[in-house]
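Each chain gets a letter, A, B and so on, in the order the sequences are listed, and its residues count up from 1.
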Number of protein chains: 2
Amino acid sequence: MADALEPKQLNTYFALMEAVSLLQHAVSQQLRAEGDLSYVQFELLARLADSAGPLTMTELADGVVYSRSGLTHQAGLLEKAGLVTRGPSADDQRATVVGITDAGRELVAKVLPGHIDAVRRLLFAPLSTSDLDALGGIMTRVRDHMRAEPPRSVSTRRSSKGSGVL
Amino acid sequence: MADALEPKQLNTYFALMEAVSLLQHAVSQQLRAEGDLSYVQFELLARLADSAGPLTMTELADGVVYSRSGLTHQAGLLEKAGLVTRGPSADDQRATVVGITDAGRELVAKVLPGHIDAVRRLLFAPLSTSDLDALGGIMTRVRDHMRAEPPRSVSTRRSSKGSGVL
DNA sequence: TATTGTTATACTCTATAACTATA
DNA sequence: TATAGTTATAGAGTATAACAATA
């Protein structure tokens, strides 16, 4: 126990992980039942729905998926379901641009109310307004910190000689 | 968009989910590399190491795993690896009690420093002391709220006639 | 030479249903 | 009749490596 986290840190860490795990599980069930979507698929659709225009695979991956093949797989499923389209990019001939279809937008719209409901009921119900502000500030900062630091997401490909973990 | 979360809530929700996803991914890599453990397996071992004595499968499951068969599977893997033992319970003949072995404790001890390091670097580095207090309080409250509310975890078995999602 | 994306493949995790045994 | 746990099995998600094509 030489270099343990302070107990307060440890408790915070475990509470965070367990709470989000429970939340993840609940919203995943909701998305599966109401839209036959995994959480990752929902995230991808939501990003596309929110975006001004189509996104490249790499742009779409950032922060959502941690391997290129994983994204290709998911995008393939969404395309087969008629929720997104894939096509060549004009700017960069290597890139694939992904756009959301009307059916995709409709599905997001169909699933969103129940999703919002679950998040409100499970996450926000026990929180005050100042809790919300605090949590928002903290998690935004943490997210940005982790995005900036290595280990980075998909965009940097691992070098072939295993660099170890982190 | 009739009943959307307030933008502040939505941003908070997404920041929380993305930050924890990144954290989960990073610590999973660390645990896999240094101890050949999944995060769930680490959690199970850590609980057992922290517990005064052996736990039943149901006690062990709570908050960690969402299906009984999943836990049986993971416990089987840990047992095969010599990290835990399983045996009949004295109190309740139906129950299985799970205990951690010396090898299990050693593995936790081996893996923990790197784990703590990653959590500090990724989660706590950008947070102040008051952030830590706030986050701890908030996430503890959220976790307890979700534990209390349905959808409950494993302990309640689903009725055979599909009760829908939540 | 580095980057974008796909393919093929293998593996892990998870969940459902059917089952045994005990309370 | 309800609960604890296991088994068998199937499906979904993810990652690695090898590959083709473009920058």
For [X] and [N], is the shortest distance between a side-chain N/O and OP1 or OP2 below 4.0 Å?
{"X": "Ser38(A)", "N": "dG13(D)", "answer": "yes"}
{"X": "Gln29(B)", "N": "dA15(D)", "answer": "no"}
{"X": "Arg32(A)", "N": "dT16(C)", "answer": "no"}
{"X": "Arg86(B)", "N": "dT6(D)", "answer": "yes"}

- Query: Which of these passes side-chain hydrogen bond (donor to acceptor under 3.5 Å, both in side chains) with Arg94(A): Asp91(A), Asp92(A), Thr96(A)?
  - Reply: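 Checked Asp91(A), Asp92(A), Thr96(A) against Arg94(A); only one passes side-chain hydrogen bond (donor to acceptor under 3.5 Å, both in side chains): Asp92(A).
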
- Report the distance from atom OH of Tyr13(A) to atom NE2 of His115(B), rounding to the nearest 0.5 Å.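 One finds 2.5 Å between OH of Tyr13(A) and NE2 of His115(B).
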
Could you state the atom-to-atom distance from [atom1] of [X] to [atom2] of [N] in whole Å?
{"X": "His25(A)", "N": "dC13(C)", "atom1": "NE2", "atom2": "P", "result": "16 Å"}
{"X": "Leu78(B)", "N": "dT6(D)", "atom1": "CG", "atom2": "P", "result": "12 Å"}
{"X": "Gln74(B)", "N": "dA15(C)", "atom1": "CD", "atom2": "P", "result": "11 Å"}
{"X": "Leu37(B)", "N": "dT12(C)", "atom1": "CG", "atom2": "C1'", "result": "14 Å"}
{"X": "Leu31(A)", "N": "dA12(D)", "atom1": "CG", "atom2": "P", "result": "16 Å"}
{"X": "Asp62(A)", "N": "dT3(C)", "atom1": "CG", "atom2": "P", "result": "16 Å"}
{"X": "Leu71(B)", "N": "dT7(D)", "atom1": "CG", "atom2": "C1'", "result": "14 Å"}

Looking only at side-chain atoms of [X], point me to the closest of [options].
{"X": "Arg68(A)", "options": "dT22(C), dA21(D), dG5(C)", "value": "dG5(C)"}
{"X": "Gln93(A)", "options": "dT16(C), dG13(D), dT22(D)", "value": "dT22(D)"}
{"X": "Arg94(A)", "options": "dG13(D), dT22(D), dA4(D)", "value": "dT22(D)"}

- Output, in order, the C-alpha distance, side-chain angles, deciding distance and verdict of side chain to side chain contact (heavy atoms under 4.5 Å, CB included) for Leu16(A) and Leu123(B). CA-CA 11 Å; Leu16(A) 173 68; Leu123(B) 175 62; 4.0 Å; yes

- Between Leu71(A), Leu78(A), Leu60(A), Thr85(A), which is the residue that forms a side chain to side chain contact (heavy atoms under 4.5 Å, CB included) with Val98(A)?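 It is Leu60(A); the other options fail the test.
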
- Message: Here's a test of your reading of the structure: between Asp92(A) and His73(A), which maps to the more 5' nucleotide of DNA chain C?
- Response: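 Closest to the 5' end, via its nearest nucleotide, is Asp92(A).
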
- Thr58(A) and Thr56(A): side chain donor to acceptor below 3.5 Å: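 Their side chains do not contain a donor-acceptor pair, so the 3.5 Å distance test is not met.
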
- Task: For Thr72(A), answer base if it contacts any base atom (sugar-phosphate contacts may also be present), sugar-phosphate if it contacts only those atoms, and nothing otherwise; contact means non-hydrogen atoms under 4.0 Å.
- Result: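 Answer is base: heavy atoms of Thr72(A) come under 4.0 Å of a base.
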
- Task: For Ser69(A), report the nucleic acid contact type (base, sugar-phosphate, nothing); a contact means any heavy atom under 4.0 Å.
- Result: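 Base, at least one base atom sits under 4.0 Å.
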
- Query: If you find the nucleotide of DNA chain D closest to Gln41(A) and the one closest to Asp91(A), which residue's nucleotide is nearer the 5' end?
  - Reply: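 Its nearest nucleotide being more 5', the pick is Gln41(A).
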
- Message: Please give me every residue in residues 46-57 of chain B whose heavy atoms get under 4.0 Å of an atom in DNA chain D, ordered by residue number.
- Response: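 Under 4.0 Å from DNA chain D: Thr56(B), Met57(B).
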
- Task: Determine, step by step, whether Leu22(A) and Tyr66(B) satisfy the side chain to side chain contact (heavy atoms under 4.5 Å, CB included) criterion, reporting the C-alpha distance in whole Å, the side-chain angles of both residues, the deciding distance to 0.1 Å, and the verdict.
- Result: CA-CA 9 Å; Leu22(A) 289 164; Tyr66(B) 303 94; 3.8 Å; yes

- Dump the intermediate steps for side chain to side chain contact (heavy atoms under 4.5 Å, CB included) on Lys8(B) and Asp133(A), then the final yes or no. CA-CA 8 Å; Lys8(B) 206 187 281 182; Asp133(A) 288 342; 3.1 Å; yes

Enumerate, atom names and distances included, each donor-acceptor pair closer than 3.5 Å involving a side-chain atom of residues 46-55 of chain A, sequence neighbours excluded.
from: Arg47(A); atom 1: NH1; to: Asp62(A); atom 2: O; distance (Å): 2.8
from: Arg47(A); atom 1: NH2; to: Asp62(A); atom 2: O; distance (Å): 2.9
from: Ser51(A); atom 1: OG; to: Gly53(A); atom 2: N; distance (Å): 3.1
from: Ser51(A); atom 1: OG; to: Gly53(A); atom 2: O; distance (Å): 2.3

